[in-house]
Each structure stands twice: as C-alpha cells, then as structure tokens.
Amino acid sequence: MLGQDDNAVTFEMKLSKPKLGLNERLRVDFIMNRDGDNFNPPDFAGFKVIMGPSQSISSSWINGVRSYSKSYSYTLSPTAKGTFTIKQASIVINGETYKSIAQDIEVTSAVDKPSDQMTADDVADENLHLVAEISKTNPYLNEAITVIYKLYVSPNISVSNYQPLDNPTYNNFWSQDIKVNGLSAQNGTYKGKPYRYAILKRVVLYPQKSGKLDIEPLSLDVTVDVPTGRRDFFGQRMYAQTNKTVSAGKRTIHVKPLPLDNQPANFNGAVGDFDFTVTTSKTSLNASESLQATIEVSGKGNLKLFKLPELELPSALEVYEPEFTEGVRTTLAGMQGKVSNQYTIVPSFRGKYPIAPISFSYFNPSTGKYTTVTSNEIVINVLEGPLSASSNANTTLNSNKQSVVSSGNEFNFLKLNPNLTNKSVSYFFGSTSFYLWLLCPLLLIPLAIVFRKKRDAIAGDIVGNKIRKANKLARKYLSAARKQLGNKESFYVALERALHNYLKAKLKIETSEFSKDKITELLKERAIDDSTIDNFIALLKNCEAARYSPFSDVQMQTDYDKASEVISIMDKQL
C-alpha cells in the first residue's frame, strides 16, 4: 500500500485468514482504489484455484467525495500442509506499476468442522458475468461499431433483480441507444461452459476522433439467489440471497484515421456506402413558375454527420433557401436511409439554363477507398416570359427594320358636316354625390383622431416595439427551427443554419465556412458587445454538441428563445 493520504493510489492483498486446515478454503482479494490494467496474479504455489478471478467494482459519492474500489478475488484450496507464501501481484495504474505485499499462510491438518465453506458471495462471483461485446475494435473514423452488453448467469444460480450503477458516457463518440424490447434469457456458452444470458443494453457508436479511445464500463448491482444445499420442512431447496456488483470492464478501441492519399478535394466527412442523385420536378416551364431541385444522398453510413453539397445555378435563376429532409433510422448495423436538400427555383426570363454537374465524395470502409459520384447536367428550358436585357436589345434592332404596310385610308378629308346631336346635361352641384363628398371629411375626422391615438400609443410602447421586432426577426430566420421543436437533431440543424443565414444577410459573407474564432473576430470588428457575441457562439456550440449529447425539450425551447433575443440585439448594433 503506497501512501496514506486520500489521493494516494493503494493496491493491497487481503486474506480471509492467516491459518487454515487442509480441508478449508482461503479467499484472497486484491483491492485497489483506482482503475488499473494488466493485472498479473501470483502463481499461488501450494494451492489450487477453486474459483476466480472474479471482478467487482464499487463507486459512490458521499458528501461530494467520490469513493471507488475495484477488486479481483480468488477462492483457493490448499494441496499440502506447511507454511506457504502468497507472492506479490502487480497491476498498472495511470502508467505506473504497483505491487502488493507478499503474505505467509499456515496450513494445518484437516479440521473436524471447516469454518468457511463457500459462501453465497463466492458462488455468485463464479457464476455471474457482465460482458461488453464490441463488433469491431479497429474501425475507421466515423465508421459505425456496435456494443452489446450481455449478463451471463450460470444455471447454478438465478437473478431476481438488477440496477445500473455507472452508465458509460461515450466521450468522443456519436452514440445512439437501440431499444431492448423486454429481457429474454437465451442459451449460450461462457468460457466453454453452458450459461444463460440476457441482452441488457445495445448502442451504436460513431468515433469522432482517431487514435486510442476508451469505452467506459457499465456496472450493475445484481440481486442473486444462490442455492444453499439445504432443504426446508417440505423438501424444497433453500436459497440464500446476496447482492453483487458486476462490471463489463473498460474497453479500448483503436480508431484508424481516414487516409490522406487520393482524398478528393470536395470530401466533407461522409463515411459509408451511398448513392447520390440530383433531380428536378420538371425541366420545361414558363417564367415566374417554380420548380424543385433535390440533392439526395441515400444508403448506409454516417448520414447525420456530414454536409450535403450545394446547388450551383446560373444568376438568372432565383433560388430560395433549401428545405432539409431527413429519413434516417439507426439499427445495429448503423444509420440507414436518406437525407436531402430541396431547392425552390423560379426563372425570370425566357431561355435555356444549365444546372452544372455536382460531385459528392465519400469513404467506403469496406473497400478502404474513396468514391466520387457526379450528377448529370440538367437543362432548364423556360418557354414563355420576358427576354433578358441582351435579348431585348436584339428585339429592338429587329423592330426598326420592319416595313410599313399601307392600308389605303391613311389620308382622308375632314368632314365639314359632323352631324352632332345634343345630350342631356346633369349638374354636380346640388346632386346626391355632391352632399356625400361634402359630408365625407366630417365623418373621417373621428376615425383619424382614433387612428392617431392608436399610432402614438404604439410608438410610445418602446418595450413592445422591441418585442415585436424580435418576434419578426425570429419568424424570418428561425421559422424552420421552430417547426422542429421537440426533434433534437432536426431542430439544431435548422437553428445552426438560421444563425449562419442571419450573418450571411447582415455581413454579406458566407459564415458557414468560418470557424467560431473567425466569426467572433468579424463581430468584434463591427462593434458588437462581448456578451452578445458570447451568447451567439454558445448557441453555435450547442448546435454541435446536440449531435452527441441528449438535449431536453426545455433546453431546445431555451436555445430558441435565446436565438430570438440575440438576433434582435445584433440587429440593433449591425
């Protein structure tokens, strides 16, 4: 045991007794107060290992102080009389090797009544195991892996209840839990022996960082019923109940970075196997009519974790902000489905307008290669409508060359006798219309007074005007996000796009291509106060964090309200 203060690392060996008979059992526990790796037990010379090693973990918070304990336990049976030494065990904790202190054990002749038959805890340790099965331990960056947690139970015992103690947080992973519909026991094997097992938890992970990543352990408090070997008055087997802490143990995976050789210039992080299409609802229409152009990626891979390529159009075509659509389901095999951006396009002039081919690149982990898919060129034919300025010039030039065709009656004599007849004359003065127009201004005076008072009241309501202005801006830039309240992924994608579109409209730049530091620098150059900048950047960070962390409906509503407030304040300062 090293050190005595609360922060010191301890690793020690505890024996159930220093002296035992030849027919008794010895329990040996190796206990540490920090999690470690590469545990190396002694050879236990003079003893036979009956059970073990069994692993248990205990973690708790008391008065704000965390208490942690991990142990490896063995049950030994002596093979001869004499004095034996349980040698040192070793373990690596935080990169340093720690060793326990060797202890002597005296083994005497067999005793009449062994004092330590196997307890219920001993039996539970040997017959209960929690295992984390990982589909792949060396995936590529952004390649899906599956972790399935199974609780193995020997037929010798039964489990009546369990409670989770520590749930993994999956840092540096995008994670999605796959619902387990009811617990059902299945037959299987564990270390070559027949066991029953139940699947407790399933999760799909997408690593967001290359290198060595740790998956934290899942720990459970399990209530175990162990047969005692005794029977009651009616001959029924009697059971002893005990609670055991089992842990799946920390698992480590090695994430391979995506290769840089032959990486396409337009690659934006898509990993999987995808199809890419660009389609339009129609190719022939009249000016001022609309059509829809859709950019769609479908298949299997990290569909929620990359950006779709943008549509490039001729300047003569008016295009609106795209509507993002997501139809993705997550299974044990990973994300499957499709994502798309739908653009509404309105031509203003007659003519033919080509939509240039668009390329989409992705990395296929099955082949270890990049693939680039390019769409075909699409020509939009505008049949009827005004001509552009260049076309109008040609039309004017051609019209000057038209010949004049005589009809034969361009020049005639003036008629000397017009044959005019009198018509009835009506006077405005004294008519019904005269009196109506006379009284109309008098009737409008009270309405004008009421309107003037209402307008002055609105103009004087400074707070109300600010609120109305904020609501107007929110509706303009946050309408898509508001529709997605309650849907975490879609809401934060729409919110992030709205924030960038607002800056794009105000600063006349494409801020989606800038880092948060660059955006902060641009806003400071325009004299935006620091608190408003911090709130704006915090919203962008929340949009990114929502991909990997759970966010409640309350948090989404708070972020939406904060976005409305920030846009209103910035609009006054820009």
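When a residue number appears, it is its place in the shown sequence, counting from 1.
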Sequence neighbours left out, what pairs pass side-chain hydrogen bond (donor to acceptor under 3.5 Å, both in side chains) with at least one residue falling in residues 529-541? Asp529-Ser531, Asp529-Thr532, Asp529-Gln573

Between Ser375 (side chain) and Ile358 (backbone), is there a donor-acceptor pair under 3.5 Å? yes

Run the side chain to side chain contact (heavy atoms under 4.5 Å, CB included) check on Ser69 and Ile31 step by step: do they pass? CA-CA 7 Å; Ser69 176; Ile31 304 172; 3.7 Å; yes

side-chain contact (heavy atoms from CB on, under 4.5 Å) partner of Gln342, the single match among Leu311, Thr294, Ile295: Thr294

So Tyr152 and Tyr197, would you call those rings parallel, tilted or perpendicular, with 30° and 60° as cut-offs? tilted

Neighbour count >12 (heavy atoms, 6.0 Å) for atom CD, Glu312: no

Within a reach of under 6.0 Å around NZ of Lys136, are more than 12 heavy atoms found that belong to other residues, nucleotides or ligands? yes

Examine distances only and state if a side-chain atom of Asp273 and a backbone atom of Lys300 form a donor-acceptor pair shorter than 3.5 Å. no

Hey, are Asp177 and Lys201 close enough for a salt bridge, meaning a charged N less than 4.0 Å from a carboxylate O? yes

With no hydrogens and no angle check, do the side chains of Thr169 and Glu216 hold a donor and an acceptor under 3.5 Å apart? yes

Taking Glu289 for its side chain and Asn286 for its backbone only, find out whether a donor-acceptor pair lies under 3.5 Å. yes

Should the pair Phe360 and Phe276 be assigned to parallel (<30°), tilted (30 to 60°) or perpendicular (>60°) ring geometry? parallel

Can you tell me which residue among Thr242, Asn243, Asn161 is in a side-chain hydrogen bond (donor to acceptor under 3.5 Å, both in side chains) with Thr223? Asn243

Heavy-atom count around Lys338 NZ within 6.0 Å, excluding the residue itself: above 12? no

Check: Ser564 and Leu478 side chains under 4.5 Å, non-hydrogen atoms: yes

side-chain hydrogen bond (donor to acceptor under 3.5 Å, both in side chains) partners of Tyr343, counting only residues at least two apart: none

Counting N and O atoms only, with roles assigned by atom type, does the side chain of Arg251 sit under 3.5 Å from a partner on the main chain of Pro217, one being a donor and the other an acceptor? no

Taking the ring of Tyr140 and the ring of Phe363, is the distance between their centroids below 6.0 Å? yes

Is Lys282 atom NZ crowded by more than 12 heavy atoms from other residues, nucleotides or ligands, each under 6.0 Å away? yes

Taking Ser366's backbone N and O only, do any of them form a donor-acceptor pair with Asn364's side chain (distance below 3.5 Å, no angle check)? yes

For the student: nearest non-hydrogen atoms of Ala287 and Val382, plus distance: N-CG1, 3.5 Å

Step by step, would you call Ile215 with Thr252 a side chain to side chain contact (heavy atoms under 4.5 Å, CB included)? CA-CA 6 Å; Ile215 299 178; Thr252 301; over 6 Å; no

Spatial distance of atom OG1 (Thr520) from atom CD1 (Ile537) [nearest 0.5 Å]: 3.5 Å

Closest contact, heavy atoms only, Asn268 versus Ser361: OD1-O, 4.3 Å

Kindly say whether Met335 contributes a backbone atom to a donor-acceptor pair with the side chain of Thr330 at under 3.5 angstrom? no

Do Asn542 and Gln555 have side chains that approach each other closer than 4.5 Å (heavy atoms only, starting at C-beta)? yes

Run the side chain to side chain contact (heavy atoms under 4.5 Å, CB included) check on Gln208 and Leu305 step by step: do they pass? CA-CA 10 Å; Gln208 301 298 296; Leu305 304 178; 3.6 Å; yes

Donor-acceptor check, side chain of Asn302 to backbone of Val271, threshold 3.5 angstrom: yes or no? yes

Phe451, CZ atom: more than 12 neighbouring heavy atoms under 6.0 Å: no

If you look at every heavy atom in Gln557 and Leu485, which pair is closest and at what distance? OE1-CD1, 3.6 Å

Would you say Leu503 and Met570 make side-chain contact, with heavy atoms under 4.5 Å? yes

Sub-6.0 Å ring centroid separation between Phe306 and Phe274: yes

Between Ser135 (side chain only) and Thr146 (backbone N and O only), is there a donor and an acceptor less than 3.5 Å apart? yes

Can Tyr370 and Phe267 be said to form a side chain to side chain contact (heavy atoms under 4.5 Å, CB included), step by step? CA-CA 9 Å; Tyr370 292 95; Phe267 176 71; 4.0 Å; yes

Would you mind reporting whether Ile91 and Asn38 have side-chain heavy atoms less than 4.5 Å apart? no

Contact summary for Thr331 and Val204, nearest pair of heavy atoms: O-CG2, 3.1 Å

So with a 6.0 Å cut-off around CG of Asn138, is the heavy-atom count from everything else above 12? yes

Taking side chain as C-beta onward, heavy atoms only, is Val9 less than 4.5 Å from Glu96? no

Please confirm whether the backbone N or O of Ser359 pairs with a side-chain atom of Asn266, one donor and one acceptor, at under 3.5 Å? yes

Side chains of Thr137 and His254, heavy atoms from C-beta outward: is any pair under 4.5 Å? no

Taking all heavy atoms of Ala8 and all of Asn33, pick out the closest pair and write down the distance. O-ND2, 2.8 Å

If you take all heavy atoms of Tyr353 and Pro314, which pair is closest and at what distance? CB-CG, 4.1 Å

Give a yes-or-no answer on whether the side chains of Asp225 and Gln241 include a donor-acceptor pair shorter than 3.5 Å. yes

So among Glu133, Gln186, His129, which one has a side-chain hydrogen bond (donor to acceptor under 3.5 Å, both in side chains) with Lys150? Glu133

